[in-house]
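Report on the structure given below.
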Amino acid sequence: MALRQILEYPNPLLKKRAAPVAAIGGEVVTLIEDLAETMYAARGVGLAATQVGAGQRVIVLDVHGEDEAPGKRLLKLINPEIALALTAPVKRARRVLVRAWTPKEREVQVEAEELLAVVLQHEIDHLDGRLFLDRLSRLKRDLYRARQRKLERQGRKSGGARPLLI
């Protein structure tokens, strides 16, 4: 396993749609292990392969409770897609059904609500080349970009695209 560098906005690779995984083999398993290690090191709850520059439809996430050890609820999903979304008066669906494959080549369905639903949608958005900024109003997006330019002029980083930290 190896820690991978997490790409930061405005890296153009973050906007590229990931390609489906055609065959689940050793390279994909290694990618999944690296993603999990990188996510835990960054203290995140989800990470998409596109966030480390790998253009494959692979995500890992772990929405464990405060009283649980990391790793207990680790999900490793290959070619995930949202099969059903029940919307609520928010920008993300409150409940989703995701279909994907496991590293052991089993097709799975994940029914999710609340935080897990948000994390799944967020990571699948990354696989689709969609950033959180794309979900903001034009005004908020322009304010964010202006703040980013100011930080860059001052020689500071904004934090960029990191594993989902909720």
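As the structure is a prediction and not an experimental result, all values here were calculated from the model.
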query: In this structure, are over 12 heavy atoms from other groups packed under 6.0 Å from E107 atom CD?
result: yes

message: If the threshold is 4.0 Å, N to carboxylate O, is there a salt bridge linking E111 and R95?
response: yes

Tightest non-hydrogen contact, residues L35 and A48, listed as CD2-O, 4.0 Å

Does the pair L131 and K15 meet the rule for a side chain to side chain contact (heavy atoms under 4.5 Å, CB included), with working shown? CA-CA 7 Å; L131 301 178; K15 294 291 284 178; 3.7 Å; yes

> Can you get from Y40 to L3 by hopping between Ile, Leu, Val, Met, Phe, Trp and Tyr side chains that sit under 4.5 Å apart?
Replying inline: no

- State, yes or no, whether a side-chain contact exists between V110 and L120 at a heavy-atom distance under 4.5 Å. yes

So NE2 of H64 and CG of L115: to nearest 0.5 Å the spacing works out to 10.5 Å

- request: State, yes or no, whether a side-chain contact exists between V21 and V58 at a heavy-atom distance under 4.5 Å.
  value: yes

Check: Q51 and L7 side chains under 4.5 Å, non-hydrogen atoms:
no

- Message: Measuring only between side-chain heavy atoms, which start at C-beta, is L75 closer than 4.5 Å to V108?
- Response: no

On a heavy-atom basis, the closest approach of Y9 and L14 is N-CD1, 3.6 Å

Note to self: As a quick check of understanding, evaluate side chain to side chain contact (heavy atoms under 4.5 Å, CB included) for H122 and L61, giving each step before the final call.
What the structure shows: CA-CA 11 Å; H122 176 86; L61 48 118; over 6 Å; no

For I59 and E123 the tightest heavy-atom approach is CG2-CB, 3.6 Å

Besides L143, the hydrophobic cluster formed by Ile, Leu, Val, Met, Phe, Trp and Tyr side chains linked at under 4.5 Å, directly or via other members, contains L139

Residues L31 and A49: closest non-hydrogen pair is CD2-CB, 4.0 Å

CG of N11 to NZ of K16, rounded to nearest 0.5 Å, is 11.0 Å

From the list Q148, R149, K150, Q154, side-chain hydrogen bond (donor to acceptor under 3.5 Å, both in side chains) partner of E152 resolves to Q148

Closest non-hydrogen atoms of L127 and Q56, given as atom of the first, atom of the second and distance, are CD2-O, 3.5 Å

*asked:* Between I78 and V28, does the side chain to side chain contact (heavy atoms under 4.5 Å, CB included) criterion hold? Intermediate values first, please.
replied: CA-CA 9 Å; I78 301 163; V28 173; 3.8 Å; yes

### Message
When you measure from the side chain of T50 to the backbone of H126, do you find a donor-acceptor pair of N or O atoms at a distance under 3.5 Å?
### Response
yes

Is any side-chain heavy atom of R17 closer than 4.5 Å to one of R57? yes

Review point. Donor-acceptor pair, Q121 side chain versus A117 backbone, under 3.5 Å?
Key: yes

*With a 4.5 Å heavy-atom cut-off, do V60 and T38 have their side chains touching?*
no

Shortest non-hydrogen pair, V119 vs G46, comes out as CG1-CA, 4.2 Å

Check whether any side-chain heavy atom of L77 lies under 4.5 Å from a side-chain heavy atom of I124, and answer yes or no. no

Applied to residues 69-82, the side chain to side chain donor-acceptor pair (under 3.5 Å) test, sequence neighbours excluded, yields E68-R73

D125 side chain vs R130 backbone, donor-acceptor pair below 3.5 Å:
no

If Ile, Leu, Val, Met, Phe, Trp and Tyr residues are connected whenever their side-chain heavy atoms lie under 4.5 Å apart, and connections chain through other members, are I82 and V45 in the same group?
yes

